[in-house]
Amino acid sequence: MSTEKTTEPAAPLHFLEEIVEADLAAGKHKTILTRFPPEPNGYLHVGHATSICLNFGLAQKYGGATNLRFDDTNPVTEETEYVDSIIADVRWLGFEPAQVLYASDYFPQLYEWAKVLIMKGKAYVDFSTAEEIAALKGTPTEPGKDSPYRNTSPEENLALFERMKAGEFPDGHCTLRAKIDMASPNMIMRDPLLYRIKHAHHHRTGDDWCIYPMYDWAHGQSDSIEHITHSICTLEFAPHRELYDWCIEQLGIYPSKQYEFARRNLSYTVTSKRKLKLLVEDNYVRGWDDPRMPTIAAFRRRGYTPESIREFCDRIGVGKRENLADMSLLEFFVREDLNKRALRRFAVLNPLKVVVTNYPEGQVEWLETENNPEDPGAGKRQLAFSRELYIEQDDFMENPPPKYFRLSPGGMVRLKSAFILKCDEVKKDASGNVTELHCSYVPESRSGQDTSGLKVQGVIHWLSAPHAKTAEVRLYDRLFQSEDPASEDDFKKTINPHSLHIVENALIEPALAEGNTGDHFQFTRLGYFCVDPDSVPGKPVFNRTVTLKDTWAKEQKGKT
Ligand code: ATP
Ligand code: MG
């Protein structure tokens, strides 16, 4: 038995946990079953991640289960590529669905139930055009008017509906509508559409159907078929709840219940599949998994970990009000997680050659350094030190301001895990650009065995020139300049033209050349990086996942 005490106070319950606890305590359910119901018309984004963490998280907490159900009732926009990516993304986030299901599997049942509704006199085939239906709908303050087809007999409606299914009518020729209440204060209840005609090929049912159920006829019944106890959706579906309940009640089937929470939006990006698709199709980004995108696939490629995304979703919690979560909060959790797991490595993005004039030519010595000071189990590695080195151009200044602690003419700096270096001479080309530094090292200043007595403030990273390998490094900035691009007239106008900066020939230590796609590293002083799938032998590609510190807001001020 564990004697360990947990010191962390339990997080307060959010409103959905309170509902579930109350339902379980009242014996309403023995166990809970939730579902995540994506429409396979795009890749999942950070908003979906919230919904996944919420649905799977609730079920896990209360010993229940979660189905992944594709809401594939619209044949036109759906593709198998999206289905596959969604399954992969849910699993990558760390969740295993109890079942992977498709609303399209329920088409025969939904059709039978529509006929039940017709025979109860609760649905009718309407030959009005979309415009005519809209014109009779009324306004929130004025009741609507009856369609001329509202009083057709059940038998006649049944025959018409069967003819709709048999393909006798062209697209849009008629619809099946529920017969509810044209004066309802809830506009959704004014004889909503249940079926429409669409002669279109479906990714799973092929050409079996030319009538397709609307969301309102498919969703609640699918929940009911699966005995979903808590059907959680975003706030815009709140007005649909009345219809959700009405359909289930008319059919007398298992009473699943709908609950709503506020959508999760993230600052400096958009969370709408339609908008994300535009970015892909119009080549603003390189694909759905371009590391600048807010999709789960892009987060993975960029180097965000599932743990950090889950932590972000959990800590923010769920609410009833629309909110814009701060991108830097997500980055905070990414940093926190990578700090624990990423191996430290040296890389130089903009190299400046250094000749150590008092170091023998051809000599190499190996200096030990830690792989991760946060994790002693990560071990140590050897760095080659030789007469020719590279440092960052940024770590040298010819005319430094006061309190500049890096290298400058006549100044000293410590090379991390190596020696103290003194800059003796600056070499320039014909146009005055610094091309090379001639320096001397202090042999008795070796890190860990320093007997030099010198006090040096600055510590910089470096590489041995003959040992360094090259790599492509991709640095990312926010994809949008506006904090809330969706609130702008045209979200595309706020796209940041400098969101990708490619360093073609960065230098890396040899240990980095052997990473596998997805491996995480901290490049000392430069940030966290991850091996990109574009890597080829001899030319690895790294994505900067996130900088070491949150300096983004400060840098923006500097730019203006
Ligand atoms: P989009 O506008 O991006 O197409 P959607 O709601 O149409 O989003 P679906 O595939 O239908 O996307 O969504 C699947 C589930 O994810 C739904 O339960 C939906 O409510 C939820 N969801 C979608 N976007 C968000 C979001 N931004 N925040 C929280 N949950 C979301
Ligand atoms: Mg949708």
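Position 1 is the first residue of the sequence; numbering continues from there. Each ligand, and each atom within it, is numbered from 1 in the order the structure gives.
A salt bridge does not link K492 with D490: every distance from a Lys NZ or Arg NE/NH1/NH2 to an Asp or Glu carboxylate oxygen is 4.0 Å or more.
Within the 4.0 Å heavy-atom criterion, neither part of R274 lies near ligand 1. Residue F237 does not touch ligand 1, judged by heavy-atom distances below 4.0 Å.
Close approach of ligand 1 to S272 (heavy-atom distance below 4.0 Å) involves ligand atoms 3 (O). Counting the atoms of ligand 1 from 1 in the order shown, those under 4.0 Å from a heavy atom of P38 are 10 (O), 14 (C). The atoms of ligand 1 that sit less than 4.0 Å from any heavy atom of E39 are 9 (P), 10 (O), 11 (O). For ligand 1, the atoms lying closer than 4.0 Å to a non-hydrogen atom of R264 are 26 (C), 27 (N), 28 (N), 29 (C). Interface atoms of ligand 1 facing F261, defined by a heavy-atom separation under 4.0 Å, are 29 (C), 30 (N).
Residue K273 holds the heavy atom nearest to atom 3 (O) of ligand 1 of all those in K273, R263, R69. Nearest residue to atom 25 (C) of ligand 1 from P40, S51, P37, G47 is G47 (criterion: closest heavy atom).
Considering backbone and side-chain N/O atoms, R35 never comes within less than 3.5 Å of an N/O atom of ligand 1. Checking only distances, N265 never comes within under 3.5 Å of ligand 1, N or O to N or O.
Annotation: side chain of I86 is in contact with side chain of L68 (closest heavy-atom distance under 4.5 Å).
Residues that satisfy the side chain to side chain contact (heavy atoms under 4.5 Å, CB included) test with N67, not counting sequence neighbours, are L33, R35, A98, Q99, L101, E226, I228. Shown here are the side-chain hydrogen bond (donor to acceptor under 3.5 Å, both in side chains) partners of D484, two or more places apart in sequence or in another chain: there are none.
Ring to ring, Y244 and H219 are not that close: their centroids are 6.0 angstrom or more apart.
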Exercise for the section: Starting from the C-alpha separation in whole Å, work towards a yes-or-no answer on side chain to side chain contact (heavy atoms under 4.5 Å, CB included) for S128 and Y149. Expected result: CA-CA 8 Å; S128 309; Y149 303 94; 3.7 Å; yes
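Side-chain contact check for S256 and S224: no donor-acceptor pair (N or O, by modelled atom type) lies under 3.5 Å.
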